[in-house]
A.B. asks: 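Quick one: the structure is below, questions incoming.
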Amino acid sequence: MRAHVLAALGVLKLATADQMHRLMAPGHKDNKAFRNAALDLARHGLAVSEGSTRDGNKLWNLTPLGLDAAAEVLDRPAGEMGGTARGAARSGAPHAMAVNETVISITRTPATATRPVPRQQPVLTPTVPEQEQEQEQEQEQEQEQEPAPGRVLEAQGMGWVGSWSTEVPLSLPTSRGNRAGVRADAVLRAPEAGLPVLFVEVDNCTESADTLAAKFEKYLRYFRLKTKNPLGSESPVWRTQYPSTSGEGHPPVVVVFNPGTRTGPQALKNRMNTVMELTRLVWSGSYHGAGGGYGTEERDGYYDYADAIPLLFTTLDRLQTSGPRTAVWWRCGHGQWEALPDALANPADRDAWYARDEQRRRQREEAEQRRQQEWAVERERWAQEPDPEPEPAPEAAPCERCKGPITGPLGYDLEFAPPEDGRHCPSCRTDLRQQYPTLRQAVFGRRPRSK
């Protein structure tokens, strides 16, 4: 139990016994064992309680010595454990409590059967009342072997307590060295759930939408930072600390809205829309019009998400009710609630355009094959039909002068014949040309006769 408390406080930094109970061992009947373990750690100088939540639950955090012990339990370097959240409990820590509830709702540790350690008592001959008491104790132990009712989370979660880090600084370079450009509320690394890295921001709806939207510009500047590897090529700085994601672009960032009783449904919806519009340049990719392919009039294109952050919205009550593996994620730009794999996908990226273009190419090939088949069938039909009989040549009109063929007798040399007039054969045209002209024809010239 002490190891459970050290691991929970090493990750959450500040938590109540009930939160440690639900994160580490929800199968226990209550959080009494966690309270006792925290008190025992306090007696040894590893934990301390400096305040309570606004509903009166005692808050626990680790001392520097306890932080070293938690690093041993979590098998992490002491330099990656962060701070001790000293003094944060005095204000009730409402934001830290919302972060803890988000971690618990996403992790959803399965409730396993537990069994308390029986007390060692001297062996004596039991009397009748003692036998009845032992039987009652055995019945209580059998009942406590099952997970406590009301603590079992039916929906499956993602990761475990060691998959999380909270209050993670993301440094940006300045002229004076490095400074924390933005501090992520929580970072989840659960490769077994398909999440190499997921940055989580929890919003209690107490700050303005402009202040919340400004954080994601700092995220974008951090993700754009480059560093040179030993081979001399550049790579993003964040990949030196976190594994690369399989998707295009920067790592995903989730905003978990926790309106509580301060913000109504319509006000929360308006806040989401405002943040989405203010961060459009962060999450929207650049459009490239690639056309619909050769010979098509269809206009098509794709979005390049290489310099975009997949920005997701959800609410704490949705995570607590349905779990992280259901349709509780709203990806900016998608326009609907989706499961996490669908929300992280980019259905309008270059790969999707390649798939559509390949489908268009196959459709063109299939249409060309159908056209060739139709032509082959038509050619086959034409080959089977008999050739049509030639039409008879029109009969030529006879010569008006000699009544013979207008083309002249067979073998007549047409080289020296006058031009055709359509009325006389070549011989008659020659004779008419050689006749002496009349007085009128000599004076006024020969006048061609109308046909």
Side-chain angles (χ1 to χ4, degrees), residues 8-15 23 67 74 76-77 79-85 88 93-107 158-174 178-191 193 195-207 209 211-225 236-245 247 249-258 275 278-279 282-283 308-316 319 324 329 331-332 340 343-344:
L9 294 180
V11 172
L12 302 180
K13 303 297 188 297
L14 190 70
L23 176 63
L67 203 62
L74 294 171
R76 292 182 182 177
E80 296 181 3
M81 294 301 297
T84 59
H95 183 263
M97 297 301 98
V99 173
N100 294 351
E101 294 298 331
T102 300
V103 173
I104 294 170
S105 301
I106 294 178
T107 307
M158 295 185 297
W160 64 293
V161 65
S163 305
W164 289 92
S165 300
T166 58
E167 297 297 323
V168 181
L170 308 179
S171 300
L172 293 174
T174 63
N178 291 339
R179 64 180 178 86
V182 63
R183 186 179 295 272
D185 291 337
V187 179
L188 172 63
R189 282 179 283 186
L195 281 177
V197 59
L198 180 69
F199 294 87
V200 180
E201 287 289 328
V202 180
D203 177 39
N204 279 345
C205 302
T206 55
E207 59 186 5
T211 303
L212 177 61
K215 293 183 180 180
F216 304 106
E217 297 179 0
K218 297 179 180 180
Y219 269 105
L220 186 59
R221 291 202 299 269
Y222 170 73
F223 292 146
R224 285 174 174 174
L225 291 179
V237 172
W238 65 268
R239 288 189 179 177
T240 62
Q241 301 175 353
Y242 305 102
S244 175
T245 59
H250 302 307
V253 180
V254 174
V255 183
V256 180
F257 291 91
N258 178 34
V275 174
L278 293 174
T279 58
V282 173
W283 54 261
I309 297 177
L311 185 59
L312 283 71
F313 291 166
T314 188
T315 59
L316 183 58
L319 290 175
W329 309 96
R331 167 79 177 270
C332 292
L340 191 57
L344 294 179

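These figures come from a predicted structure and were not determined experimentally. Just so it is clear, the values below take in all heavy atoms, side chains as well, and ignore hydrogens, waters and symmetry mates.
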A.B. asks: I'd like to know if E167 and K13 make a salt bridge, using a cut-off of under 4.0 Å between side-chain N and carboxylate O.
C.D. replies: no
A.B. asks: Tell me which one of N204, T315, T206 satisfies side chain to side chain donor-acceptor pair (under 3.5 Å) with N258.
C.D. replies: N204
A.B. asks: Keeping T314 on the side-chain end and V256 on the backbone end, is there a donor-acceptor pair under 3.5 Å?
C.D. replies: no
A.B. asks: Nearest heavy-atom pair of P310 and P251: which atoms, and what distance?
C.D. replies: CD-O, 3.7 Å
A.B. asks: Counting N and O atoms only, with roles assigned by atom type, does the side chain of H250 sit under 3.5 Å from a partner on the main chain of R224, one being a donor and the other an acceptor?
C.D. replies: no
A.B. asks: Could you check if a side-chain atom of L311 sits within less than 4.5 angstrom of a side-chain atom of V255, using non-hydrogen atoms only?
C.D. replies: yes
A.B. asks: To the nearest 0.5 Å, what is the distance between CG on N100 and CG on L12?
C.D. replies: 4.5 Å
A.B. asks: If you measure from NZ on K215 to CD on E207, what distance do you get to the nearest 0.5 Å?
C.D. replies: 4.5 Å
A.B. asks: Heavy atoms only: give me the nearest M158-P324 pair and the separation to one decimal.
C.D. replies: CE-CB, 3.5 Å
A.B. asks: Any side-chain heavy atom of R189 within less than 4.5 Å of one from P243?
C.D. replies: yes
A.B. asks: In the structure I gave you, are the side-chain heavy atoms of W164 and L188 within less than 4.5 Å of one another anywhere?
C.D. replies: yes
A.B. asks: From D203 CG over to T102 OG1, what is the distance, rounded to the nearest 0.5 angstrom?
C.D. replies: 10.5 Å
A.B. asks: Considering all heavy atoms of both residues, which atom of A15 and which atom of M97 are nearest to each other, and what is their separation?
C.D. replies: CA-CE, 4.4 Å
A.B. asks: How far apart are the closest heavy atoms of R331 and A343, and which atoms are they?
C.D. replies: NH1-O, 2.6 Å
A.B. asks: Going from CZ on F257 to CZ on F313, what distance comes out if it is rounded to the nearest 0.5 angstrom?
C.D. replies: 4.5 Å
A.B. asks: Could you check if a side-chain atom of K218 sits within less than 4.5 angstrom of a side-chain atom of R221, using non-hydrogen atoms only?
C.D. replies: yes
A.B. asks: Answer whether the closest heavy-atom distance between the side chains of L344 and L312 falls below 4.5 Å.
C.D. replies: yes
A.B. asks: Do the side chains of Q241 and V197 get nearer than 4.5 Å, heavy atoms only?
C.D. replies: no
A.B. asks: What pair of heavy atoms forms the shortest contact from V275 to A209, and how long is it?
C.D. replies: CG2-CB, 4.0 Å
A.B. asks: Taking all heavy atoms of M81 and all of G10, pick out the closest pair and write down the distance.
C.D. replies: CE-O, 3.6 Å
A.B. asks: I want to know whether Y242 and F199 have ring centres closer than 6.0 Å.
C.D. replies: yes
A.B. asks: Is there side-chain contact between V254 and W329, with at least one heavy-atom pair below 4.5 Å?
C.D. replies: yes
A.B. asks: First locate atom OG1 of T279, then atom CD1 of I309, and finally report the distance between them rounded to the nearest 0.5 Å.
C.D. replies: 9.0 Å
A.B. asks: Just say parallel, tilted or perpendicular for the rings of Y219 and F223, cut-offs at 30° and 60°.
C.D. replies: tilted
A.B. asks: With a 4.5 Å cut-off on side-chain heavy atoms, are V11 and L23 touching?
C.D. replies: no
